Structures are given as structure tokens and as C-alpha cells.
K.L.:
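To start, I am sharing the structure in question, which I have written as C-alpha cells.
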Amino acid sequence: MSQPESSLMSRLVSLSKRRGFIFQASEIYGGLNGFWDFGPLGCQLKNNLRDQWWHDMVECPPLGPDGKPLSIVGLDSSIIQHPRTWEASGHAAGFADLMVDCRESKHRYRADHILCLEVFYEKAGVKKPLGVLSALEGDEFDTTIIKKAKKLMQKAGGGEILPIEASLAVPFTTLSKEQQGLVIGLDAENVGTLTEPRAFNLMFHTYVGVFQDEDSKVYLRPETAQGIFLQYKNIMDSSRVKPPFGVAQVGKSFRNEVTPRNFIFRAREFEQMEMEFFCPPEDGMMWYEFWVAERLRWWESVGCRKENLFGHVIPENEVAHYSKGTTDIEYRWPFTAPNFGELEGVAYRTDYDLKQHAAFSKTNLDYIDQEAKRRYVPHVVEPASGLTRGVLLLLAEGYQYDESRASPEWLKIKPSLAPIKLGIFPLVNKDGMPEVAEKLYLDLRQTYTCQFDAKQSIGKRYARMDEAGTPFCITVDGETLKDQAVTIRDRDTASQERVALDKVRAYVAAKLASA
RNA sequence: GCGGGUGUAGCUUAGUGGUAAAGCACCAGCCUUCCAAGCUGGCUAUGAGGGUUCGAUUCCCUUCACCCGCUCCA
């Protein structure tokens, strides 16, 4: 099958805009880096994926290893929480690397990556300091320093640069304020152009109340999970759940990403679907393995091909210090292919979060098991996926190109997730056909998202629905008035079936349930 | 953040220092009995700001956004 020249991603961006899935945020003002809006079809698709997750996670959770349904309840916590939350979670520190700006070159560096070294030279037998040079740590350190020293030497009017000793180089962060002021920046020619190391916070912040001082500073959550930990005790006290049980949440999160990229893949405002599964400490590994398998199965169930999914076990030395195991569920994105990129992370977080919040809040978060007569802080397994990444997956996975079709580009989205389930058309906009079609539309729209369309040729209407990923189109034709039947056209095969008007509901219901 | 690329209508493209062109899409009407048919008409664009110039979409500068590669990625 021939493919257009342009990349799959650019075609997805184009189709998304053309059909109203995803628009650039604030487009008429030139856009805003890292922000996207979901159009009529996009938000419908996103809601459908979210609802499916919620159904499969909260309303009808999977069966556990013992064959009994798991116990998982929902939560919708605030985007803004007490600022101490993010100190306890580690985000305030982890999201705030010290950065240094250069006033001359306008560049920004991570302060601990800058190595500084004082270089000396000799002139007329006298050893003199040339200056404190800096370069990024790495293999090139020596050559970079020497290159800069030579340049400086020329300006100084000549002399013999003494051999440098790279091992004596120290990170910028370890220098005193005075010493920092003497450093020549990485891309600068003058002394003291580097700013003091500053916290470069990746969390968005704002202020609660009208007085904007440090005491009122709060953060927009960078993940939904912490809200769950904060309410873990209230949920147990009010919902008659006990370990093992889960708490699920869907919502917006915000991160000041250094580099937003790849359409909605890495955006600064995005949506997450997270579930924290609380269990006795000794069962942690078992539930971790359970959820890795379960989440892979789920992504397949929403229409992702198995070969495009990959459970990437994070090596022990790269796993966060509090985690006893993390598996990234990765998808073969158009921009990572043939490699994979993160879609969801399943992490065994041990009792780290609850213990942190217990310590920071001075609240006892032990679970008291009255049967076994013991108390413990539950361990947690967290499947955390990106809802907006999931939408991108459905678009990428569903994108089809077939020049033999009326619309070469079309979306093969699982019918139950499709933004529009049914297109309803009169074959010709006269002879009583529109009236019958409209009656059918008014009936079916109560159950399914439907689009009624009587404009232009029937082929165009089918093509439009193909691009929107609508799985079925129902057409009322000249025969309908006589035989009380309509044709139902299948998106994937373009084949048609004659179905009696009074059987349409059953037909559609069966198709949507089986597909 | 660095380097490279791109920015003209909803989409895909053309073009020019002097009235911005086309195809498709979209809308209206006619027509049309199953896969983007036809006819007529219509809407819509030089990302933003500044400079050079009598005149800039074109040349220059700045900026913004997107794409690619690095960097970063709790």
C-alpha cells in the first residue's frame, strides 16, 4: 500500500485538526508551547477512553488471583493540595534542579553539571592565574578547557599555559558566592556572567488568596496520585474497604516540561488515569506482577495491537529509590518507531508515599488488621497511565491509509470507543427518505452518539464518517418505504447489510458489544 | 536549553519587491437512488512585531509556534 510522503505524525496532526480531534491551544494568538485543545471529536474520544478505564477499573474491576472481583473505589481530589504534599512526595526537591543562567550567552545549565577549574600560565618564569574556566562534565572536558584557555591566553598577550589537572575541577555548586563570581561562563568571554544557582521548578505554581507572598504559594499537581495518598485514610474509614483495595482517579496534571514535544505526547497540561492499589507488605510483588499483566491486557482490549505494546522492565539501578520494581508499558509511537516510548508506568512503590505523608503530616496512616491482630503501612502498586497519551495511541493505532477508498485516510477505532457511533443518512434528500431517516435518528440518538447527514453525495458522507472513525452508517433508501428496511454499512469492510427497521437497535447493540 | 528545518485559505500546494493563484474540503442552490459524481454561486490565507522601501507575503532583524536531532524527562 503506498503511503504519502509526509510523516505519520504530521498526517495525524493534520487529520486531527481537519476533523476536530485536536487543535493547537490559543491558535489564533500564535499558540502556546506545550498546550493542546481537544475538539468535538477529540473530547468525545477522550471521554470514551476515560469512561472505559473507569468502568474496567472502578465499576467492574478485574478478578483477582483468587477469582473474586477486586475492590477499587473512585476519587476526584483537588488539583491544588497543601504545598507540604509536594515536599513529602519529593516533587518539590526532585522537580527543582538548581540551574545557572549565563547573562552573556543567555544559556541555562544545570549547576551540578558545570565543572570549574582554575588555570595558570607562565610568563617570564612567573606563574600567574589565567582565570577560573568552566565546562560541562564529560569526555570533552579537558579539550574544552584547553581550547578556552588558549583563546584567553591570546587576549592576555601570550604566555605558556601550564598543564591542567582535570581531577581538580569542582562543581559550580560547591564554590562560594565569591568564587562563583570569578568563573568565566561556559560560552562567555567575561568573568562573572553566571548567575547564582537557582531552583528551576518544574511544577506550576500559583497563590491561594489575594496576597501573593511565599506563604500562600501552592502548586498545580504534577500527578494525581498524591491526592489519593492524602485521602487513603478517609476512604478506608468511609467506604468499608480494606487491603487489598484500590483507589482510582482521572484528572488533569501539570508539568513545566523542559521540552514539550511530539504533539500531545509530552504536553504541559495533560490528563492521567491513576490507580493506587494498597496491599499487605508481603503481597506487594504479587500485585505488582498482577497489574503489569492486567494493564497490558487492557491496552490490547481497547484496540492496541499486541506487537505495538511492550512491557519494559526498568533495570534495578534505574528504578526510583523507593520502588521495588517498575515496568513501563510502552507503545511503538510513530516518532519512536521502531522503538517504544512510555504509555503507562506500573510501579511497586512500597510504603514510601504513605510513610512520607505520615511523617510530614504527623498523622498515623497505619492500617490496623483486627483479624490478624497486626498493624502495618500498606504497600502500594501504582498503574499510572496517560489518558491523553492513550488518545494519541488510538489515533496512531487507528490511522489507516488506503488509496482505493473514497477517503484514503480513515480511522479504525474500536466501535465502542468511536466518538460517533452511527451516521444516519437518507440516500437522497427527497421522496420521504429524509423523514424516515430523521425519525430513526431521533430514536437512536437517545442511546448512541449519532450524526444525521443529508448533504451532498452518499459517497462523501461515508468518506466523512470514515475519517471520523464512525463504525456504522445507516442509509434510508427508496426501498425503505416499501420494505421497512435500511442498509447498514460497515466502516472496516465498506460492506452493506440489509436490516429491518425494527431490528436496527438490536443489530447495532450486538455489533457494538462484540466489536 | 542547543542545532537544523518549516510557517501563504480548513487541507495540500503555487507565486511575486507592485491587485495573492489553484485543487480538494466547506457552505448555499440545482441535480443526484449506495462510496469524495456534475453544474452554478459563495466563504476563507501570507503566524506576530519591527525595520529597509514610494510600496514587503517576498529582503533584513526580533519574536511565536510546529517538526526533526540532541539535552531533559518526577
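Note: hydrogens, waters and symmetry copies are ignored here, and every other heavy atom, side chains too, is used. These numbers come from a predicted model, not from an experiment.
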K.L.:
Touch check for A/E27, heavy atoms < 4.0 angstrom, all strands: base, sugar-phosphate only, or nothing?
P.N.:
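Nothing, no heavy atom under 4.0 Å.
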K.L.:
Just name whichever nucleotide pairs with B/A36, Watson-Crick or G-U, keeping both distances under 3.5 Å, else none.
P.N.:
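Paired with B/A36, as far as the under-3.5 Å criterion goes, is no nucleotide at all.
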K.L.:
Which nucleotide, if any, forms a Watson-Crick or G-U wobble pair with B/U16, using both distances under 3.5 Å?
P.N.:
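Pairing partner, where one exists within any strand: none, as none qualifies.
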K.L.:
Give a yes or no on whether a donor-acceptor pair under 3.5 Å exists between the nucleobase atoms of B/C34, that is its base, and the side chain of A/Y462.
P.N.:
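Checked by distance alone, the answer is yes.
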K.L.:
Over all strands shown, is A/G34 touching base, sugar-phosphate only, or nothing at heavy-atom distances under 4.0 angstrom?
P.N.:
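The residue A/G34 makes sugar-phosphate contact but no base contact.
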K.L.:
Salt-bridge test for A/R498 and A/D477: reply yes if a basic N is under 4.0 Å from a carboxylate O, no otherwise.
P.N.:
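Judged by the 4.0 Å cut-off on N to carboxylate O distance, A/R498 and A/D477 do form a salt bridge.
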K.L.:
May I ask you to evaluate whether A/K17 reaches the phosphate of B/C11, defined as a side-chain N or O under 4.0 Å from OP1 or OP2?
P.N.:
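Result: yes.
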K.L.:
Counting any heavy atom closer than 4.0 Å, what does A/R461 reach on the DNA or RNA strands: base, sugar-phosphate only, or nothing?
P.N.:
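The residue A/R461 makes no contact with any strand.
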K.L.:
When we call it a touch if two heavy atoms are under 4.0 Å apart, what does A/E467 touch: a base, just sugar-phosphate, or nothing?
P.N.:
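Counting heavy atoms under 4.0 Å across all strands, the contact made by A/E467 includes a base.
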K.L.:
Does the cation-pi check pass for A/R445 over A/Y441, that is, NZ or CZ under 6.0 Å from the six-membered ring centre and within 45° of its axis?
P.N.:
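Because its charged atom sits under 6.0 Å from the ring centre and within 45° of the axis, A/R445 does stack over A/Y441.
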K.L.:
If the P atom of B/G42 is compared with that of B/A48, how far apart are they to the nearest Å?
P.N.:
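About 27 Å, rounded to a whole number of Å.
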K.L.:
Rounding to the closest angstrom, what is the interatomic distance between B/U6 and B/U12 at atom P?
P.N.:
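One P to the other, the span is 16 Å.
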K.L.:
Name the nucleic acid region contacted by A/T487, choosing base, sugar-phosphate or nothing; use a 4.0 angstrom heavy-atom cut-off, strictly under.
P.N.:
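Base: the residue A/T487, judged by heavy atoms under 4.0 Å, touches a nucleobase.
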K.L.:
Taking C-beta and beyond as the side chain, do A/T85 and A/L230 meet within less than 4.5 Å on heavy atoms?
P.N.:
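Yes - at least one pair of side-chain heavy atoms lies under 4.5 Å apart.
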K.L.:
Within the structure shown, what part of the strands sits under 4.0 Å from A/D477 by heavy-atom distance: base, sugar-phosphate, or nothing?
P.N.:
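Contact class for A/D477: base.
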K.L.:
If pairing requires Watson-Crick or G-U wobble contacts with both distances under 3.5 Å, which nucleotide is the partner of B/U57?
P.N.:
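WC or wobble partner does not exist here.
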K.L.:
Looking only at side-chain N and O atoms, does A/Y507 offer a donor or acceptor that is under 3.5 Å from a partner on A/E497?
P.N.:
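Present: a donor and an acceptor within the cut-off.
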K.L.:
Using the P atom in both, what is the distance from B/U63 to B/G69, to the nearest Å?
P.N.:
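So the two P atoms sit 24 Å from each other.
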K.L.:
Using a strict 4.0 Å threshold on nitrogen-to-oxygen distance, state whether A/E27 and A/K17 make a salt bridge.
P.N.:
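Yes, A/E27 and A/K17 are salt-bridged.
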K.L.:
Would you mind pulling out the nucleotide paired to B/G41, Watson-Crick or G-U wobble, both distances under 3.5 Å?
P.N.:
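Pairing partner, where one exists within any strand: B/C27.
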K.L.:
In whole Å, measure the gap between the P atoms of B/U16 and B/A25 for me.
P.N.:
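After rounding to an integer number of Å, I get 28 Å for this pair.
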K.L.:
With sugar-phosphate meaning primed atoms plus P, OP1 and OP2, does A/R405 contact a base, only sugar-phosphate, or nothing at under 4.0 Å between heavy atoms?
P.N.:
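Result for A/R405 = nothing.
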K.L.:
Looking only at N and O atoms, is any donor in the side chain of A/Q496 or the base of B/C34 less than 3.5 Å from an acceptor on the other one?
P.N.:
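A donor-acceptor contact between them is present.
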K.L.:
Could you measure between the two C1' atoms, the one in B/G49 and the one in B/U44, and give it in whole Å?
P.N.:
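These two C1' atoms come out 24 Å apart once rounded.
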K.L.:
Under 4.0 Å between any heavy atoms, over every strand shown, what does A/T259 touch: base, sugar-phosphate, or nothing? Just pick one.
P.N.:
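Counting heavy atoms under 4.0 Å across all strands, the contact made by A/T259 includes a base.
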K.L.:
Please give the distance between the C1' atoms of B/A9 and B/C43 as a whole number of Å.
P.N.:
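It works out to 10 Å between them.
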K.L.:
NA contact type, A/F263, heavy-atom cut-off 4.0 Å: base, sugar-phosphate, or nothing?
P.N.:
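The residue A/F263 makes sugar-phosphate contact but no base contact.
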K.L.:
Given B/A36, is OP1 or OP2 found less than 4.0 Å from the side-chain N or O atoms of A/S457?
P.N.:
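The answer is no; no side-chain N or O of A/S457 sits under 4.0 Å from OP1 or OP2.
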K.L.:
Given the C1' atoms of B/G18 and B/U71, what is the spacing between them in whole Å?
P.N.:
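It works out to 47 Å between them.
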K.L.:
Using purine N1 to pyrimidine N3 plus N6-O4 or O6-N4 for Watson-Crick, or N1-O2 and O6-N3 for G-U wobble, each under 3.5 Å, what pairs with B/U6?
P.N.:
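Across all strands, the one nucleotide that pairs with B/U6 is B/A65.
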K.L.:
For B/C27 and A/K455 - does any side-chain N or O of the residue sit under 4.0 Å from the phosphate oxygens OP1/OP2?
P.N.:
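A/K455 to B/C27 OP1/OP2: no side-chain N or O under 4.0 Å.
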K.L.:
Just to be sure I understand the rule, does A/N262 reach a base, reach only the sugar-phosphate, or reach nothing, if contact means heavy atoms closer than 4.0 Å?
P.N.:
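Here A/N262 touches the backbone only, sparing every base.
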K.L.:
Run the salt-bridge test on A/R505 and A/D443 with the 4.0 Å N-O cut-off and return the result as yes or no.
P.N.:
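So A/R505 pairs with A/D443 through a salt bridge.
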K.L.:
Can you see if the side chain of A/Q456 gets near the phosphate of B/C26 - specifically, an N or O under 4.0 Å from OP1 or OP2?
P.N.:
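True: A/Q456 side-chain N/O within range (under 4.0 Å) of B/C26 OP1/OP2.
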K.L.:
I'd like to know if A/R349 pairs up with A/E382 as an ion pair, taking the criterion as any Lys NZ or Arg NE/NH1/NH2 lying under 4.0 Å from an Asp or Glu carboxylate oxygen.
P.N.:
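Judged by the 4.0 Å cut-off on N to carboxylate O distance, A/R349 and A/E382 do form a salt bridge.
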K.L.:
Hey, which of these two, A/I458 or A/M9, hits RNA chain B nearer its 5' end, going by closest nucleotide?
P.N.:
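Nearest-nucleotide comparison on RNA chain B picks A/I458.
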